[in-house]
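Fair warning: this is a prediction, and the values are worked out from it, not measured in the lab. Whatever order the structure lists ligands and atoms in, that order sets their numbers, starting from 1.
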Amino acid sequence: MVTKSKALFDRAQVVIPGGVNSPVRACKSVGRDPLFIDRAKGSKVYDADGNAYLDYVGSWGPMILGHAPERVNAVLRTAIENGTSFGAPTEMEIDLAELVIDTVKSVDVVRMVNSGTEATMSAIRLARGFTGRDLVIKFDGCYHGHADPFLVAAGSGVATFNIAGSPGVPEATTQHTLSIPYNDIDKVREVMTAMGDKVACIIVEPIAGNMGFVKPKNDFLKVLREETEKHGSLLILDEVMTGFRVALGGAQSIFDITPDLTTLGKIIGGGLPVGAYGGRADIMAHISPSGPVYQAGTLSGNPLAMAAGIETLKAIREPGFYEALGEKTTRLVGGLRAAAAKAGVPCTVDSAGSMFGLYFTGMDVANFEDAKTSNLDYFTTYYNRMLEEGIYLAPSQFEAAFVSAAHSDEEIDTTIKIATKVMAELAG
Ligand SMILES: *Cc1c(COP(=O)(O)O)cnc(C)c1O
C-alpha cells in the first residue's frame, strides 16, 4: 500500500516542479511514482505509508554510517542549542578542515561550500583563474553537478532522462567544455597534444558513479596526471561521491594519484548540506580573500553541517571501519553476481569499497557507450520487483549504489536471496 505516497505526490506536483526537488527522485525512468519518505534509521527507510525498505541509496551517498546515527544526532542536538548560523568563523570549521586535510593526502588547504555542485563549479573557476585559460576537459557520462559548464554529455539525471544538454545553458558557456569518452587514453593524449596549452583543467570522477559504476582502466588516471603536468593544466579529481567512500583517503589513495585539486561532498556533511574543494596551497591561495578568484557563501561552514561532518569523519577514521564495510560489500556483490549467473541473466557487477553497481549487459563496461548497452527493460523490472520485496535501490541504471556501516550480514544475505529470486523471474 502506497496510498499516502500517492496522495503526497499529487499535492507535490502542484507546487514543486515534477513534484520533486531533484529530478531522478521522481522515478520516471522506472515507470512509477516516488515513495515519500517519512523517516529513516540505520539501514532502513520508512515511507509515508509505514512500509520499511532496506536502503542502498543512502541519500545518494552521504549516509555511510547509516541513517540517523546516534553519535551524529548527539552532536547535532548540541549544535542546535548553540545557534544554527552566525555568518562568522567558528572553531568547528577549522576542526573539519584539519580532519579533511589529515584524511585526503593531496589537500593542503580546503574551502567549505554547501553542495557538490558548488565545489566543482568553484574548483574550475579557480583552475581557470590560476592558469589564465578557459578550456575544461571532462568525460562523457561523468556528472559534476548542475553548473552550466558541466551540462555537456553529463551523467546522473541528465543520462537517466537521455538529455543532450539543457535549455538555458548558453553556448558561450559550454563552448569551453570538451567532453571525451571515459577511459580513452589515446583520445586524452590526442586532445592534449592538440590544445593542451589552452586547457585550464581536466576534471574526472576517479571512479565513475553517475553513469552506473565504472572503474578507471589501465593507466587512465596516471595518463591524466602526466598529460596535465606536461601542459601546465590542473588535474581535478571530483571525489564528491568517491571521497571517504571507496577508501578513507578517497580514490586518489587507491590509485596513488596526486591531483592539484579535489572536490568533496556527500559524506563530508554526514547528511547535511556540505561540499568542499581543496588542494595545493599555492593554488588555493588564489581564492578570495587571500587571492583574486571570488567565491563566497552565506551559509558556508554552517555550524550544524560542520558538527555532522566532523562526527562522521571521526567515526569513519576508526580502525577497521573500511575493512568491515568492504567485506559486506564484497559479500553482496558476489551474491548478486552468482544470482545473475544462476539465472543466466547477462549482468556485470563490480564494487570499490562500499560503492557498487550492476549493469544488465554481458560486456565489461569501460565508458558511457558501454553502459548504454545495459538492458533497461531488465533494469526497470529488476528495480520494481526489488522494491516490492523491500529493497530500496536508485531508480536509474545510471547510478551507483552504497552499503552503509548499519547494514548487517543478515540484511546482506536477505538482499542476495531476494535478488536471486528476482533474477530468476527476469530469466523466466
Ligand atoms: C553528487 C555529485 C555531484 C554534485 O553534488 P550535489 O551535492 O548534488 O550538488 C558532483 N560530482 C559528483 C561526482 C557527484 O557524485
- Task: Could you list the residues that satisfy salt bridge (Lys or Arg N to Asp or Glu O under 4.0 Å) with D350, not counting sequence neighbours?
- Result: K215
- Message: If the threshold is 4.0 Å, N to carboxylate O, is there a salt bridge linking K44 and E411?
- Response: yes
- Query: Which of parallel (below 30°), tilted (30 to 60°) and perpendicular (above 60°) describes Y53 and Y392?
  - Reply: tilted
- Item | First-shell residues of ligand 1 [heavy atom, distance under 4.0 Å] | S115, G116, T117, Y143, H144, G145, E205, N210, D238, V240, M241, K266
- Query: In terms of heavy-atom contacts, does CZ of R11 have more than 12 from other residues, nucleotides or ligands at under 6.0 Å?
  - Reply: no
- Message: Please tell me whether D55 and H67 have a donor and an acceptor in their side chains that are separated by less than 3.5 angstrom.
- Response: yes
- Between D256 and K222, does at least one N-O distance fall below 4.0 Å, as a salt bridge requires? no
